[in-house]
Every structure is written in C-alpha cells, then in structure tokens.
A.B. asks: 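Have a look at this one.
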Amino acid sequence: MEVQRKGMFSSVMSWVDKRLPLTENLERHLTKHPVPKKVNFFYIFGALLMVIFMVQVVTGIWLMMFYTNTEEGAFASVEYIMRDVEYGWLMRYMHSTGASAFFFLMYFHMFRGLLYGSYQKPKELVWLFGCFLLFLLMAEGFLGYVLPWGQMSYWAANVILSLFGAIPFIGPDLQVWIQGDYVLSGATLSRFFALHVVVVPLLMIALVVFHIFALHEVGAGNPEGVNIEKYRDESGMPLDGAPFHPYKTLSALPAIGVFFIVFFGIVFFAPEGGGYFLEKPNFEEANFLKTPEHIAPVWYYAPFYSILRAITFGIPFLGITSKFLGFIIFAGSIAILFVIPWLDRSKVQSIRYKGVYSKIGMVVFAVSFITLGYLGTKPVNEMRTLLAQICTLLYFLPLILMPIYTKYEKTLEVPERL
Ligand code: HEM
C-alpha cells in the first residue's frame, strides 16, 4: 500500500515537474540549499519571523470574519469577539501579542545583521528589502492599532496624522487626503481596515519572497563572516555548509517550540503585557471630546516616538516648526538604517574581527535605542526630554561616523574556514 502511494505521488510529481519545475526549485531554494554549519542564537530570528507572520495572517483572517469596520460598530465588534465568538478571545490575544512578538523578533533579527555585518556586499539588497519590511511592519502595526477604535487608537492616530499636517505647504491637504475626511472619522477607519488587511500584508509577502530569493542568490552568512562558498566537495556542497533539510529544519524546531511556550504563556497569563501590549485607555471607546491623560505609543514604537518628542525646537528662519523638524528627524532615524551597507567600510564583516570603535559604536547605538524606548513610554518632563535629546544624538552618531571609524580602525584576521 505504502509503495503504491509513493509510486502514485512520484508519478504525479514528475507530471507536474515536466510542466513546472517544482521539485528542482524546492530543492534549490529549500531542501538542498546550503547553509553555514555553525551559526548561533541570533540566527533563529528569521525563521521565527516567518512563523509569526503566518500566525498573524491566520488569526487576522479569523478576526476579520467578525470585525465591523465602521465608526459605530468597530469597538462593539471587538467586545463581541472577546466575549461571544468561540475562541475569539484567543484569536484576538494571539493577534495582539503577535504584533509585539513580530517587532521583538524583528529588532533582534536586525541587531544580528548589525553585529555580524550581514548587510555587507553582496547582501545589500537583502538588507534593503528587510528595511522596507520594517517600514511596512510599522505601518501595519499602526493601521491595526486604530481598528478597535478605542481611546488610544483614536488619539494615537490623531498624533501621527497631525504630523503629516505639519509638513509645510502640502501638509494640511495631505492630512485630509489620508484621513478621507476633515477629521479622523469612520471614513479613515474603513480605509485603514482595507490597507491593514489587504494592501500592506500583500506588499509584505512580496518583500519576504524577494528578501529570501536575494539571500539565496548570494548565500547566508555566519557569525565569523567566513565565506562558505570558497571550499566545496565533489558534489558541489560547501565544506562549511549543510543542506537546509534536515539540518536546519530540525535544529529550528526546538527554538520554535520554546518561542511558542513563551508566546502562549503571555497570551494565556498576561495578554495585556502590563499595559505595554494592550494599553489601558484602549478598553474605552474612542471619544473625541476626551483626551487621555497620557498618550503613549505601544512599546515597539517608543524609541522612535521618543526621538519625535525630543525635538522641542524648530528652525524659525527657514520656516521649520519644531513639529516638522521632529518629523524629519524621526523619519531620518528610520531612513538612515537603509544606507548602513554603504556606511560600513570595514574589510571584515563580523563584530568579532572589527576594531574597538565598531564595538563601542554598537554598544552606544543599542543602549541609546533601549533608553529611548524606555523614555517613549513615560510622560515628558525636563530631565527626560534632555536625556531623550542626548540619546537621539547617540543613536545617530555611531551610524554617521561609521564610514570614518570602520575605514581606519585596526581589524583582526578572519579565519579561512568556519
Ligand atoms: C517580515 C520580516 C522578515 C522576515 C520574515 C525575514 C526572514 C528572514 C529569513 C528567514 C532569513 C534567513 C535566516 C536568517 O539568516 O535569519 C533572513 C535573513 C536576513 N534578513 Fe530578514 N526577515 C525579515 C525582516 C528583516 C529586516 C527588517 C532586516 C533588516 C533591516 C532583515 C535583514 C536580513 C539580513 C541581512 C539577512 C541575511 C543574514 C545573513 O545571511 O547573514 N530582515 N531574513
């Protein structure tokens, strides 16, 4: 019976392969794709990002079946999902916790890239597609956050939309165009819904495909920065590599298991994440007459929000208000990530072999990013604003000075083999 099924399967596959080279492509891009033998903890986040992306798509489709995208119905439909829909609470908490998990994994995945110079030639495109993915994820999270139409959805969206309004000349018209109304309203909500469930996810899927294809064209990296393509055996397999399946598939499984244990631990026992994953004012319906006492973004936007708030001054003689300057520097803090492959002039990839300035730069960048994140969740006062200004400077400095210190610092010899 088993033999017969196998025979039938392979004849169907060979019928398909003659018309569409499915097996060849699966082997090339998945099962037989050579990956470095030795990587570390930081190299699991790409696979986990794929997993969480799927979780978001599946739970999102489920939520969409019960959600109402109108100003009158949105908040109540989320209540309905939480109380009446079978396992609705689970789907919603998985989706909201999934958003936080997505960013958490994304930040670690990017940090790995920074540590090991994974963006360096010839992986610039892999990095660029990644940066677009970060930008899209930020947009996706923001659009999704508006959908429950709670107090924080409404007021956070107001803050962000008013930034567009601060752009000189075109700002006010642009804001009305994005909102689809003179004020933030049901018209905004329904277009945000369309963008959140169709447009942005489709763009993200396309970019993930490009991200992976670009990576497979040039080969995956490793923490040593060794080029594994240099030495191959008779079959063409790199000596320091192993086929993706079964080596990587099996080694990823325990990590995926641990991830889900932590993930469901949060979903079941702390889905609000102490107000950091789901903020308290969002359990109250949007009210345009009542501003929440303290408008704070969800934790994953906090570092960038802090940069935005740190700019308390404008450039009056150029007609640039503090709000617009804040917007420019906030946009700049994301834009600068795109050009990192061209800022790093080092001869070596990995931080292990880079010089002392690169190491200091990395620590300064990471500490300032985390401090900005902390400050972004707290109400402002004079001290915190000053600290946020210093950290904003320290966020940019290691990146702006990178072309200088990476070119002149002393590096160590990279080994030939992994
Ligand atoms: C939806 C979001 C993303 C998904 C699903 C994703 C997925 C992946 C996967 C599966 C890999 C191969 C395994 C690994 O090396 O971890 C990878 C590699 C990589 N990703 Fe991403 N990624 C995403 C976002 C990003 C972002 C935001 C960046 C940086 C801006 C980025 C930069 C990279 C780089 C540079 C590599 C190559 C690493 C190397 O081989 O040395 N990715 N990504």
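All values below come from the heavy atoms of this structure, side chains included, with hydrogens, waters and symmetry mates left out. Every number for a ligand or one of its atoms is a count from 1 in the order of the listing.
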A.B. asks: Tell me which protein heavy atom sits closest to atom 28 (C) of ligand 1, plus the residue, atom name and distance to 0.1 Å.
C.D. replies: Gly130 CA, 3.4 Å
A.B. asks: Got the closest protein heavy atom to atom 37 (C) of ligand 1, with its distance?
C.D. replies: Leu215 CD1, 3.6 Å
A.B. asks: Would you say Phe45 touches ligand 1, if touching means a heavy atom closer than 4.0 Å?
C.D. replies: no
A.B. asks: For atom 3 (C) of ligand 1, which of Ile205, Val126, Leu49 has the closest heavy atom?
C.D. replies: Leu49
A.B. asks: Please list the nearest protein heavy atom to atom 25 (C) of ligand 1 with its residue and the distance rounded to 0.1 Å.
C.D. replies: His109 CD2, 3.3 Å
A.B. asks: Under 4.0 Å between a Lys/Arg side-chain N and an Asp/Glu carboxylate O for Lys280 and Glu272?
C.D. replies: no
A.B. asks: For atom 13 (C) of ligand 1, what is the closest protein heavy atom, and at what distance to 0.1 Å?
C.D. replies: Gly46 CA, 4.4 Å
A.B. asks: Mark yes when over 12 heavy atoms from residues, nucleotides or ligands other than Tyr247 sit less than 6.0 Å from its OH; otherwise mark no.
C.D. replies: no
A.B. asks: Between Tyr300 and Phe103, how do the two ring planes meet: parallel, tilted or perpendicular, split at 30° and 60°?
C.D. replies: parallel
A.B. asks: Counting each atom of ligand 1 from 1 as listed, which ones have a heavy atom of Ala220 under 4.0 Å away?
C.D. replies: 40 (O)
A.B. asks: For Phe41 and Phe45, I'd like to know if the aromatic rings sit close, meaning centre-to-centre distance below 6.0 Å.
C.D. replies: yes
A.B. asks: Tell me if a side-chain donor or acceptor on Thr97 pairs with a main-chain N or O of Met94 at a distance below 3.5 Å.
C.D. replies: no
A.B. asks: Return a yes/no value for Tyr119: is any of its N or O atoms, backbone included, closer than 3.5 angstrom to an N or O of ligand 1?
C.D. replies: no
A.B. asks: Quick one: which ligand 1 atoms are inside 4.0 Å of a heavy atom on Phe102?
C.D. replies: 1 (C)
A.B. asks: Does Phe129 come within less than 4.0 angstrom of ligand 1, counting non-hydrogen atoms of the residue?
C.D. replies: no
A.B. asks: Between Lys354 (side chain only) and Gly117 (backbone N and O only), is there a donor and an acceptor less than 3.5 Å apart?
C.D. replies: no
A.B. asks: One thing to verify: whether Asp240 and Lys37 come together as a salt bridge, which I'm taking to mean a side-chain N less than 4.0 angstrom from a carboxylate O.
C.D. replies: no
A.B. asks: When you check the gap from the basic side-chain N to the acidic O, do Glu24 and Arg28 get nearer than 4.0 Å?
C.D. replies: no
A.B. asks: Verify the ring-centre separation between Phe132 and Phe210: is it less than 6.0 angstrom?
C.D. replies: no
A.B. asks: At the 4.0 Å heavy-atom cut-off, does Cys131 count as touching ligand 1?
C.D. replies: yes
A.B. asks: Only heavy atoms count here, so choose which of His211, Arg112, Met204, Glu124 is nearest to atom 38 (C) of ligand 1.
C.D. replies: Arg112
A.B. asks: Of Phe75, Phe193, Tyr154, which meets ring pair (Phe, Tyr, Trp, His ring centres under 6.0 Å) against Trp149?
C.D. replies: Tyr154
A.B. asks: Return the closest protein heavy atom for atom 39 (C) of ligand 1 as residue, atom name and distance.
C.D. replies: Gly221 N, 3.4 Å
A.B. asks: Are Ile212 and ligand 1 in contact, using a heavy-atom cut-off of under 4.0 Å?
C.D. replies: yes
A.B. asks: Among all protein heavy atoms, pick the one closest to atom 29 (C) of ligand 1 and tell me residue, atom and distance.
C.D. replies: Met110 CG, 3.5 Å
A.B. asks: Indicate yes or no: does an N/O atom of Lys123 lie under 3.5 Å from an N/O atom of ligand 1?
C.D. replies: yes
